[in-house]
Amino acid sequence: MAMLQSVCLASSLPNHTFLSPQLKRSFDPKNNVQIPTSETLYNFNSPFELKQVVAFLVKTNRPLSLLPLSRVASVCALTPTFPFAQQIFNCIEQSEVSVWNSCLRNLAEGNCVTNAIFLFHQMRIYNVVPDIFTCSFALKACVKLLDLSCGKIVHAYIEKLGFLSNLVLLNALLHLYATCGAMADSMLLFDKMPQRDVVSWNIMITQLAKKGDIDGAFELFSKMPERNLRSWTAMITGFVHCGKAKEAIRLFTEMEETGLRANEVTVVAVLAACADLGALQLGRRIHEYSNKSGFKRNIHVCNTLVDMYIKCGCLEAAKAVFEEMKERTIVSWSAMIQGLAMHGQADEALELFNNMIQTGMKPNEVTFLGVLHACSHMGLVNEGREFFASMTRDYNITPQIEHYGCMVDLLSRAGLLKEAYEFIVSMPINANGVIWGSFLGGCRIQKDVDMAEEAMRHLGILDPLNDGYYIIMSNIYAEAKRWEDAARVRKLMKDRGVKKTPGWSSITIAGVMHEFVAGDDNHPQAEEIFERWDKLLERMKFKGYVPNTSVVLLDMEENEKEKYLYRHSEKLALVFGLMTTKPGETIRIMKNLRVCEDCHAAFKVISEIAKREIVVRDRNRFHCFKDGLCSCKDYW
DNA sequence: GTAGGGTTAG
């Protein structure tokens, strides 16, 4: 039978005298290469060449089973010679679906996923009956392409073929609907499932968290019958992405208590949480753990470590991790450049950018954000303009609203308000609240009331609920001694129901985070902190510190204002830090808002008096106070 | 055969 088929096959084949020169050489009896080696048999790259090889095998009475079937499949899969491959599989009595499946899998996992969908359709056209593997690979391709309509076709086949009892396929369907934006369908399917395994739960938790429904995700997590490492990791990652870093860390601690050991993905999530919270101690512990567990070579882990150290104010540690990396992606470089920018090290940031270019790495839009950020934080106006022009000209990257934001910030801060204004109105995209907010910030530095009012007109429409802008505007009026206008802005804010975000500062001592708000006397050691401050203040004044009461907006007596000023949250945190740490130890403080001008001046003096390095992370950047100076060189 | 991770303007 097989022999007969071979003959039939042979009749439809080209004569092997038409062999391509390369194949002819391999098979030419004169060359003594009559018996095909596995290498020569693999050596066909098109259906045409395949036909020649088959012709040779048939005519020299060799079995077709010598052919590498996966190659046969991949050469014919997407072409009209599909049936030719089917004939070959038939001849050698090979179950053809399995060969197509492995081909389908390669396509689904490769870079050209549309081809997988095409092959799936080919299989249908030529009556290959899909099995569960076919369906699974096809679904994988649909998920990758976010192709819900094709996914629904596969779903229909799954149903028609009676595979709906297969849990793996059901899980793949859950994943399909959820990732393609049909969360409700996914949820419905999940609810209807006669049985679920840990994968089903993990898919739903991950997807709910990704869609921002962190409560829904946690509800499932809480009631799932059994959890594996991926369940915990999914939940921890979800918390981090929703900005709930504290919950992420709490859950991680709980996970450790169950005896599960974190893998690379868990580590990435926990480190990201540490970066958010500035939780240096935990970050360091995870770093050690990673090294011990052999995660050092994992690029995601290293990139997150760099980011964690940067956001915890340990620029040197970030650099050390970065230097040690054997392989770097654009993310590694961008993170490091951004880190140097945040620490006010513009020169180093730009130098690193140049080094990166020299290694042949191509910058992306995030890299340019870091570079522009560096320029704006250090007032490098010309360099910033040049980089902005270069990103389109040399790298074909279209600036996004964020890049325009950096430029507006750069120009406004440098006092070029007019240029900044013209830049905004000539942008090809509409300005948003952040753009006008940056401009407003520049107006405050330049004390330009008229321009500030113009910015506020836009902000009143674009971002009317953001308290920060009212505060700045009120500040600008107050500095111009226009008290009535300042009060009017305050009233407007109140009328619109906008509440001032309370400022807080935190410091971690012996693993415990202490949070302070302005005027805080709730801390158990409040008395001692105040006493200590009074003593410090005497020495500060002796060194030339003059309280800058203009930062206090309230219309009150000078000495009242001073008292107010002395109870700013960052000052309380610093004094507490001085009391509770060893002499010479670096003090690290975090603040949710920008550091106040008076505190900035005070911290410089204190760094000198107390001979301490003080690292402050505010909402924008780092200030590193040392020997009476700040790393921002007072440009912020 | 099904689930997961990194940098992002003020």
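Numbers restart at 1 for each chain; the letters A, B, ... are given by sequence-line order, proteins then strands. Just so it is clear, the model here is predicted, and its values are computed rather than measured.
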Of the nucleotides B:dG1, B:dG4, B:dA9, which one has an atom closest to the side chain of A:E402? B:dA9

Please report, to 0.1 Å, the donor-acceptor pairs under 3.5 Å made by any side chain of residues 312-323 of chain A, with sequence neighbours excluded.
residue	atom	partner	partner atom	Å
A:K319	NZ	A:E348	OE1	3.1
A:K319	NZ	A:E348	OE2	3.4

By side chain to side chain donor-acceptor pair (under 3.5 Å), which residues pair with A:T304, not counting sequence neighbours? none

Under 3.5 Å, is there a donor-acceptor pair linking the side chains of A:H373 and A:Q338? yes

Which is true for A:T233 with a 4.0 Å heavy-atom rule: it touches a base, it touches only sugar-phosphate, or it touches nothing? base

What integer distance in Å separates A:L229:CG from B:dG5:P? 14 Å

By side chain to side chain donor-acceptor pair (under 3.5 Å) - contacts of A:K296 (at least two apart): A:E324

Scan A:R413 against the nucleic acid and name what it touches under 4.0 Å (heavy atoms): base, sugar-phosphate only, or nothing. sugar-phosphate

A:D409 side-chain proximity, nearest of B:dG1, B:dG10, B:dT8: B:dG10

Within this structure, what is the CD1-to-P distance between A:I401 and B:dG10, rounded to whole angstrom? 13 Å

Would you indicate what A:H300 reaches in the nucleic acid, counting non-hydrogen atoms under 4.0 angstrom: base, sugar-phosphate, or nothing? base

Could you tell me which residues satisfy side chain to side chain contact (heavy atoms under 4.5 Å, CB included) with A:E247, sequence neighbours excluded, listed by chain and number? A:F239, A:K244, A:R250

Pairs of donor and acceptor atoms involving the side chains of residues 176-183 of chain A, under 3.5 Å and at least two apart or interchain, shall be tabulated with distances.
residue	atom	partner	partner atom	Å
A:Y177	OH	A:H155	ND1	2.7
A:T179	OG1	A:H175	O	2.7
A:T179	OG1	A:L176	O	3.2

Once you round it to whole Å, what is the distance between P of B:dA9 and CG of A:N466? 15 Å

Can you check the A:R619 CZ to B:dT8 P distance for me, whole Å? 15 Å

Is there a donor N/O on one and an acceptor N/O on the other, under 3.5 Å, for the side chain of A:N101 and the base of B:dG1? no

How close do A:V301 and A:L271 get, heavy atom to heavy atom, and via which atoms? O-CD1, 4.2 Å

Nearest to the A:S438 side chain among B:dG5, B:dG1, B:dG10, which nucleotide is it? B:dG10

What residues 316-324 of chain A contributes to the DNA chain B interface at heavy-atom separation below 4.0 Å is none

How long is the line joining CG of A:L139 and C1' of B:dA3, in whole Å? 14 Å

If you check the A:K311 side chain, which of B:dA9, B:dT2, B:dT7 turns out closest? B:dT7

Test item: A:F622 and A:S631 side chains (from C-beta on) under 4.5 Å apart, heavy atoms: no

Tell me whether the side-chain N/O atoms of A:K140 come closer than 4.0 Å to OP1 or OP2 in B:dT2. yes

Return the value, rounded to whole Å, for the distance between atom NZ of A:K144 and atom P of B:dG4. 12 Å

If you check the A:S376 side chain, which of B:dT8, B:dG10, B:dG1 turns out closest? B:dG10

Whole angstrom is fine here: how far is it from CD1 in A:I330 over to C1' in B:dT8? 13 Å

Just call it for A:L174: base, sugar-phosphate, or nothing, with non-hydrogen atoms closer than 4.0 Å on any strand. nothing

Taking only the side-chain nitrogens and oxygens of A:R594, find out if one of them lies under 4.0 Å from OP1 or OP2 of B:dG10. no

Sugar-phosphate only, base, or nothing, as touched by A:T134 at under 4.0 Å among non-hydrogen atoms: nothing

Taking the minimum atom-to-atom distance to the side chain of A:N298, which one of B:dG4, B:dT7, B:dG5 wins? B:dG5

Closest of B:dT8, B:dG10, B:dG4 to the A:Q338 side chain is B:dT8

Counting only distance, no hydrogens or angles, is the base of B:dG4 paired donor-acceptor with the side chain of A:N202 under 3.5 Å? no

Using a cut-off of less than 4.0 Å, is there contact between a side-chain N or O of A:H175 and OP1 or OP2 of B:dG4? yes

Distance-only donor-acceptor check, side chains A:S200 and A:D197, under 3.5 Å: yes

Taking atom C1' of B:dT8 as reference, at what distance in whole Å does atom NE2 of A:H241 sit? 13 Å

Under 4.0 angstrom, heavy atoms only, what part of the nucleic acid is A:D463 near: base, sugar-phosphate, or nothing? nothing

